[in-house]
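Data block below; observations after.
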Amino acid sequence: MSEENISSNFIHKIIDEDIANGLSARIHTRFPPEPNGYLHIGHTKAIWINYSTAKKYGGLFNLRFDDTNPAKEGDEYVNAIQEDLAWLGITPYKICFGSDYFDECYEFAKVLIRKGLAFVCDLTGDEINEYRGTLTTPGKESPYRNRSVEENMDLFERMKNGEFPDGSKTLRAKIDMKSPNMNMRDPVIYRILRAHHHRTGDKWCIYPLYDFVHPIQDAMEEITHSLCDVDFENHRPLYEWVINNIDIKHTPKQREFAKLNITYTKIGKRYSKALIEQGIADGWDDPRLPTLRALRRRGYTPSALFNFVQLAGVAKATSLCDYGLLEHCMREELNTTAPRRMAVLDPIEVEITNMDEDEVVYFDVVNNPTVENPTSRKVPFTKHLYIEREDFSDNPPPKYQRMKLDHEVRFMSAFVVKCNEALYDENGNVTKLLCTIDRETAGCNPPDGRKIKGTIHWVSKKFAVDAEVRLYDNLFTCEDTGVINMDNFKDYINPDSLKIMKNAKLEPAMAEANCEDKFQFVRTGYFCVDIHDKNVINRIVTLKDSFKSGKPDSKSTGNS
RNA sequence: UGGGGCGUCGCCAAGCGGUAAGGCAGCGGACUUUGACUCCGCCAUUCGUUGGUUCGAGUCCAACCGUCCCAGCCA
């Protein structure tokens, strides 16, 4: 991403003010995923906002793993996250971990205790919840709230030394049990948890909570702007309380933006995780998932993803972005970058009756007409060909421009072909079309000036490359931001999220395609060679408005 | 019923007291050996509602309505 491409948003205005007021000499942001799952398109938005903001102001950007809950986190995820970030083309200034700061957090906790701002609490989890009160009723103070500094210091030290069982004690910030903000009702900042941490091993049996580590780490890394989603807005007072009370010079600023939502998509990692566990999705890279690995496998590019999140906008209002915008971004890029190829997904045979069995006519076909000096390739045309089953109709609707009986149609880049007869099987299905070519139309318009309306694509039977083409669609049918019940996923699953075309016939040039290569299958859409299997080709997006009549299911998002 | 956030075209979104940007989608039309692409044109007398302040309000004030988030020893 280049600086010129970064459009301004409300966060930049905040930063402009901070700079004008001398608050921020240089800008430093961070992307802080918890390593408990794989990155998804929602993270792309957070990455985009933090990274592009740093870039815009010539600042720094860190990747930070929020690994303060060893029960859920692990190396599998930290590795995957780094790989995905690298795929996005982003190199952080620094890669760090919440666990890098466990020693400092421990010391800062003692600072709070000494100041009388934290206490060791013996209440059980249930009791803490009870004492917390409700949204409308104030909480009441813990009976352990007024322990002496000395007792708290002693108890906290012994918590650290492993003298107490898991969950038996916590360290809590002493703030205000009557606060209307639940986060300020003496929040727990340390818990006893004997879990093996993926980085610190068994060194600790007490772990600080997010609300305590995050501000400390932001401050110690000299983060100037801690940009996160609006769910954390309620935590901002606590974030600031910690920074103001631990005696640290640097004061980072937390600001929030709205999360990304997309129609027919559930972005949160808990959804993907559940779909995989229930066997509905094949894994973190199932192309129907919104994870980065899935999107990559399906053929989406980092540039299109970044362009999409930027166009989707950075604001605070809850919004639901149309999936079509993502498709638009991908099409826009692929239109100028993807070589055109002919591929017949659902073949029906055509026999050219006025050609010899061994005759081969090679045509020069342009690879991409949108580039300045287009290159071309040779494509063989033979007596036996395949065309798309739906490109022929013996009962054509009005405005049908494709092949029909006794009519001529252009075989793209090749001859004008006339269909003389259709052969059927016992069930009435077309098995073969008998046609003739007009040899005067080889790669050009008919010399007699007659107009040929339709153009269809074709593949030589003799030279065809066999492949399996997979048409992926959005996994969900629901079009809202609502939470869905994960026990009943099936109620929301699009049954047509995967369609496999087993007998696809590709033009010979496709034999040289490599994994992740992207193409436009002319008149069909954009496709990508699957990362795992060169013989499998995945659809990225369809072309826009493919057919105005005769093809009602032409939209890729067929679940609306 | 407490607190906080947010409400501008079908979907996003600018706007920061001076008379509603832009993108997506859609609709016309031109072009076309991809019904693609490209190109032209159209698409909010109105900013959740109602009052108020002002010469002037989407922008300020008040009330109301709607919506999202918060009661993990998760992040």
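None of these values were measured; they are calculated from a predicted model. Letters go in sequence order (proteins before strands), and every chain restarts at 1.
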Suppose you measure atom P in B:U59 against the same atom in B:U19; what distance do you get, rounded to whole Å? 15 Å
Per nearest nucleotide of RNA chain B, the residue lying toward the 5' end, A:T370 or A:V522, is A:V522
Checking B:G7, B:G5, B:U34 against the side chain of A:E233 (C-beta onward), the nearest is B:G5
Here the distance between atom P of B:G35 and atom CD1 of A:I452, to the nearest Å, is 14 Å
query: Is it true that a side-chain atom of A:E163 and a backbone atom of A:M159 form a donor plus acceptor pair closer than 3.5 Å?
result: no
May I ask you to verify if any side-chain N or O of A:K453 is less than 4.0 angstrom from the OP1 or OP2 atom of B:U32?
no
Answer yes if the ring centres of A:F156 and A:Y106 are under 6.0 angstrom apart, and no otherwise.
yes
### Query
NA contact type, A:P237, heavy-atom cut-off 4.0 Å: base, sugar-phosphate, or nothing?
nothing
Partner of B:A63 under the Watson-Crick or G-U wobble criteria, both distances under 3.5 Å, comes out as B:U49
May I ask you to check whether A:Y300 and A:F308 place their ring centres under 6.0 Å from each other?
no
Among B:G15, B:G23, B:C6, the one nearest any side-chain atom of A:L325 is B:G23
Give one of base, sugar-phosphate or nothing for A:R185, where a contact means two heavy atoms less than 4.0 Å apart.
nothing
inquiry  = Determine whether the aromatic ring centres of residues A:Y264 and A:Y323 are separated by less than 6.0 angstrom.
reply    = no
Per-nt protein contacts along nucleotides 67-75 of chain B (heavy atom under 4.0 Å; B base, S backbone sugar-phosphate only, - none) come out as --BBBSBBB
message: Would you say the rings of A:F102 and A:Y207 are close, in the sense that their centroids are separated by under 6.0 Å?
response: yes
task: Could you give the distance separating B:U50 and B:C43 at their C1' atoms, to the nearest angstrom?
output: 30 Å
Separation of B:C12 atom P from A:L326 atom CG, nearest Å, is 15 Å
Does a side-chain heavy-atom distance below 4.5 Å link A:N367 with A:R340?
no
Problem - Integer angstrom distance from the P of B:A14 to that of B:G22 - result: 15 Å
With C1' as the reference atom in both, quote the distance from B:G7 to B:G15 in angstrom, rounded to an integer.
15 Å
Heavy-atom nearest nucleotide on RNA chain B taken for A:G313 and for A:R410; more 5' hit belongs to A:G313
Scanning all shown strands, the Watson-Crick or wobble mate of B:A21 with both distances under 3.5 Å is none
Here the distance between atom P of B:C6 and atom CG of A:D229, to the nearest Å, is 14 Å
In whole angstroms, the gap separating P of B:A13 from CG of A:L320 amounts to 11 Å
Which of A:N183, A:D211, A:D218 passes side chain to side chain donor-acceptor pair (under 3.5 Å) with A:Y239? Answer is A:D218
request  = For B:C24, take OP1 and OP2 only and decide whether either is under 4.0 Å from a side-chain N or O of A:H328.
outcome  = yes
(Q) Check the orientation of A:F381 and A:W458. Use parallel for under 30°, tilted for 30 to 60°, and perpendicular for over 60°. (A) perpendicular
Considering only heavy side-chain atoms of A:L543, the closest of B:U34, B:C37, B:C12 is B:U34
Q: Pick the C1' atom in B:A20 and in B:A13, then give their distance to the nearest Å.
A: 13 Å
Checking B:G7, B:C11, B:U34 against the side chain of A:R523 (C-beta onward), the nearest is B:U34
Touch class at under 4.0 angstrom, heavy-atom based, for A:Q520 against every strand present: base
Item checked: Whole-Å P distance, B:G23 and B:U38 -> 13 Å
note: A:N368, atom CG; B:C37, atom C1'; distance rounded to Å ~ 10 Å
message: Classify A:T455 by what it touches in the nucleic acid, base, sugar-phosphate, or nothing, heavy-atom distance under 4.0 Å.
response: sugar-phosphate
Closest of B:A13, B:C16, B:C6 to the A:K316 side chain is B:C6
Assigned chi class of B:G15 under the 90° convention is anti
What's A:V314 touching, base or sugar-phosphate or nothing? Going by heavy atoms closer than 4.0 Å.
sugar-phosphate
A:E390 atom CD is separated from B:G35 atom P, nearest whole Å, by 12 Å
Open item on the list: Say we look at B:C9 and B:U49: how far apart would their P atoms be, to the nearest angstrom?
Closed with: 11 Å
Can you check the distance between B:G2 and B:A21, where both ends of the measurement are the C1' atom (answer in whole Å)? 40 Å
*Can a donor-acceptor pair be found between the side chains of A:R255 and A:S226 at a distance below 3.5 Å?*
no
Taking the six-membered ring for Trp, are A:F527 and A:F521 ring centroids under 6.0 Å apart? yes
From CD of A:E17 across to P of B:C16 the rounded distance in Å is 14 Å
pair_partner(B:C39), Watson-Crick or wobble, both distances < 3.5 Å, evaluates to B:G29
A:F10 atom CZ is separated from B:G5 atom P, nearest whole Å, by 13 Å
